[in-house]
Number of protein chains: 2
Amino acid sequence: MPYDPSDFPPFAVTVDLVVLTVRRHALCALTVRRGEEPYQGQWALPGGFVRAEEDLATAAARELAEETGLHTQESGDSHAAAHLEQLATYGDPHRDPRMRVVSVAYLVLAPDLPAPTPGGDAGGARWTPVARLLGDAVEAAERLAFDHARILADGVERARSKIEYSSLAAAFCPAEFTVGELRRVYEAVWGVALDPRNFHRKVTGTPGFLVPVGGTTTRQGGRPAQLFRAGGASALNPPMLRPEV
Amino acid sequence: MPYDPSDFPPFAVTVDLVVLTVRRHALCALTVRRGEEPYQGQWALPGGFVRAEEDLATAAARELAEETGLHTQESGDSHAAAHLEQLATYGDPHRDPRMRVVSVAYLVLAPDLPAPTPGGDAGGARWTPVARLLGDAVEAAERLAFDHARILADGVERARSKIEYSSLAAAFCPAEFTVGELRRVYEAVWGVALDPRNFHRKVTGTPGFLVPVGGTTTRQGGRPAQLFRAGGASALNPPMLRPEV
DNA sequence: GAAATAGTGTCTCTGAGACATTATATA
DNA sequence: TATATAATGTCTCAGAGACACTATTTC
């Protein structure tokens with residue numbers, strides 16, 4: 001195995017972001033409109049080149065901040081931090097018609113943002129329900145550029161399976177949330193209805209999963225609900241069971 | 001987001017392989033001795049450059065065949081095929097002191113090979129127990145080059161968690177195996193002792209997990225054991241529970 | 001015979017699913 | 001008042017863990 005820098009073919013390396021949130025009871029992904037060829041005018045996942053002296057995760061966090069203003073670390077204040085993790089890497093030789101591009105995809109789980117349309121330097125950016133991007137009969141106008149539909153599908157599947165055995169569903173909620181809000185996250189991500197009583201028993205009975213924060217809220221209507229924040233426990237054992245098995 | 005080929009910094013892209021097998025009741029990883037600087041003489045994970053017109057998974061399968069002779073597809077004969085899946089991508093700017101290298105790691109689960117030392121064009125290649133490569137006090141002579149200890153740790157963790165809820169443990173076994181042999185795989189990978197009777201009930205009671213093949217063997221000593229092959233079910237639901245929770 | 005592994009059965013307890021019921025807000 | 005959501009409780013059944021016991025081989 002000779003190892004000569006002149007031996008290896010040059011690659012471009014990018015990061016692509018699957019940014020998921022729950023809005024109006026639907027799982028949504030952040031999409032941006034492409035301003036140039038190829039796939040000009042089509043929607044795509046946000047992303048960009050990794051810089052020469054930049055780590056992959058750093059590049060993903062930078063792109064995320066540029067597109068949404070979201071940060072992945074608590075900035076001292078009480079803002080909920082988005083969760084960021086590496087998803088997978090896509091390197092088909094012809095996934096980009098211009099050159100050889102290897103893209104490292106990252107998955108971001110974010111709370112519903114106050115600003116309806118994310119700011120940043122991206123042209124048109126919007127939240128699109130994943131059902132409309134990944135359904136059986138996706139309209140041509142909604143079809144994602146490159147192999148981004150595949151990347152999005154992988155990200156959605158990762159999110160669906162990870163909230164089973166981790167406390168990551170709280171990443172979709174504001175810093176303080178109720179049991180019912182957390183349940184509606186599960187229902188939106190999985191696309192199923194969960195029994196409110198069994199759900200309540202499960203999440204409040206798991207030590208370290210939820211920490212009561214003291215107040216109550218009626219923002220969902222009905223009887224005031226206790227407010228919680230995510231506890232330190234990152235693993236959920238035994239897992240939350242996804243119905244329809 | 002201007003998108004000009006001259007904009008992007010050039011990267012080298014490699015694949016690194018975490019090839020795991022179970023030998024003599026121990027989880028082992030394939031390691032090769034480095035023949036040149038940096039880290040000359042140290043052990044490392046097998047791997048190499050991705051070619052210009054080659055898919056990432058293809059490059060991983062090619063490197064695997066070169067180093068071990070293993071194939072990832074059934075070749076028509078009854079040889080057990082190794083399992084190959086993408087693990088993660090490592091791109092710290094200084095993980096290779098010579099240039100910017102992004103490495104896509106793949107995880108391979110292989111049955112114990114008949115040949116004690118894998119062939120191929122790699123110089124010294126051998127199976128090393130992962131406990132010796134990842135323990136708390138790893139000897140200097142056993143320390144892996146680059147960030148390969150981290151990659152190996154990620155691969156081992158992936159394997160440990162995946163056999164919980166999938167039928168992948170059978171990838172460590174020959175094409176036909178007994179319940180006891182499968183149990184010893186779990187015990188080696190997890191490093192725990194499992195109750196043989198509860199294990200037997202679990203795996204034989206899960207529909208589609210094991211298919212009886214008709215014969216028996218006494219290669220483990222004792223009463224003859226029925227032979228099975230892996231069934232079509234790839235998911236194991238409910239999962240096999242890892243003790244010490 | 002002893003010793004090893006294979007295979008079946010039995011008991012108990014945790015926990016998920018399917019309900020009922022009560023509590024407290026808004027319209 | 002009706003209606004929404006929140007919170008607690010009760011029953012049943014599947015399944016994991018902890019065993020006992022029998023079966024069939026090798027030494």
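Hydrogens, waters and symmetry mates play no part in the numbers below; they use all other heavy atoms, side chains included. In what follows, every chain begins at residue 1, and chains take the letters A, B, ... in the order their sequences are listed.
If you take CG of Asn237(A) and C1' of dA16(C), they are 14 Å apart, rounded to a whole angstrom. Regarding Asn198(B), its CG atom lies at a distance of 16 Å from the P atom of dT12(C), rounded to whole Å. For the pair Phe228(B) CZ and dA6(C) P, the interatomic distance rounds to 11 Å; values are reported in whole Å. The CG-P distance, from Leu241(B) to dA18(D), rounds to 12 Å in whole Å. Between Tyr165(B) atom OH and dA16(D) atom C1' there is a gap of 20 Å when expressed in whole angstrom units. As a whole-Å value, the separation of Glu181(B) CD from dA6(C) C1' is 12 Å. Nucleotide dT5(C) holds its P atom 16 Å from the CG atom of Leu182(B), rounded to whole Å. Here the C1' atom of nucleotide dA20(D) and the CZ atom of Arg201(B) are 14 Å apart, to the nearest Å.
Side-chain atoms of Arg143(B) come within 3.5 Å of backbone N or O of Val138(B) as a donor-acceptor pair. A donor-acceptor distance shorter than 3.5 angstrom exists from the side chain of Thr21(B) to the backbone of Ala110(B), with no hydrogens or angles considered. Side-chain atoms of Ser161(A) come within 3.5 Å of backbone atoms of Arg158(A) as a donor-acceptor pair (strictly under, hydrogens ignored). Side-chain atoms of Thr178(A) come within 3.5 Å of backbone N or O of Glu181(A) as a donor-acceptor pair.
DNA chain D lies under 4.0 Å from no heavy atom of any residue of residues 157-164 of chain B. Contacts between residues 216-226 of chain B and DNA chain D, defined by a heavy-atom separation under 4.0 Å, are made by Gly222(B), Arg223(B), Pro224(B).
Using a 4.0 Å cut-off between charged nitrogen and carboxylate oxygen, Arg150(A) and Asp154(A) count as a salt-bridge pair.
By the 30° and 60° cut-offs, the orientation of the rings of Tyr186(B) relative to Trp190(B) is perpendicular.
A close approach under 4.0 Å does occur between a side-chain nitrogen or oxygen of Arg184(B) and OP1 or OP2 of dA6(C). Taking side-chain N and O atoms only, His200(A) has a distance below 4.0 Å to OP1 or OP2 of dT8(D). For Lys202(A) and dG15(C), the shortest distance from a side-chain N or O to OP1 or OP2 is not below 4.0 Å.
Checked against Leu20(A) for a side chain to side chain contact (heavy atoms under 4.5 Å, CB included), the options Val130(A), Val189(A), Leu30(A) give a single hit: Val130(A).
Residue side chain Arg197(B) reaches the base of dA20(D) through a donor-acceptor N/O pair under 3.5 Å, judged by distance alone. Side-chain N/O atoms of Asp195(A) and base N/O atoms of dA16(C) include no donor-acceptor pair closer than 3.5 Å.
Cation-pi geometry between Arg24(A) and Trp127(A) is not satisfied (NZ or CZ under 6.0 Å from the ring centre, within 45° of the ring normal).
Contact record, Gly155(A) with Val18(A): CA-CG1, 4.3 Å, taken as the closest heavy-atom pair.
Taking the side chain of Val179(B) as heavy atoms from C-beta on, and the options dA6(D), dG7(C), dG17(C), the nearest nucleotide is dG7(C). Distances from the side chain of Pro238(A) to the nucleotides dC19(D), dA16(C), dA16(D) place dA16(C) closest.
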Exercise for the section: Might you work through the side chain to side chain contact (heavy atoms under 4.5 Å, CB included) test for Leu168(B) and Glu85(B), ending with a clear yes or no? Expected result: CA-CA 11 Å; Leu168(B) 272 184; Glu85(B) 69 177 45; 4.1 Å; yes
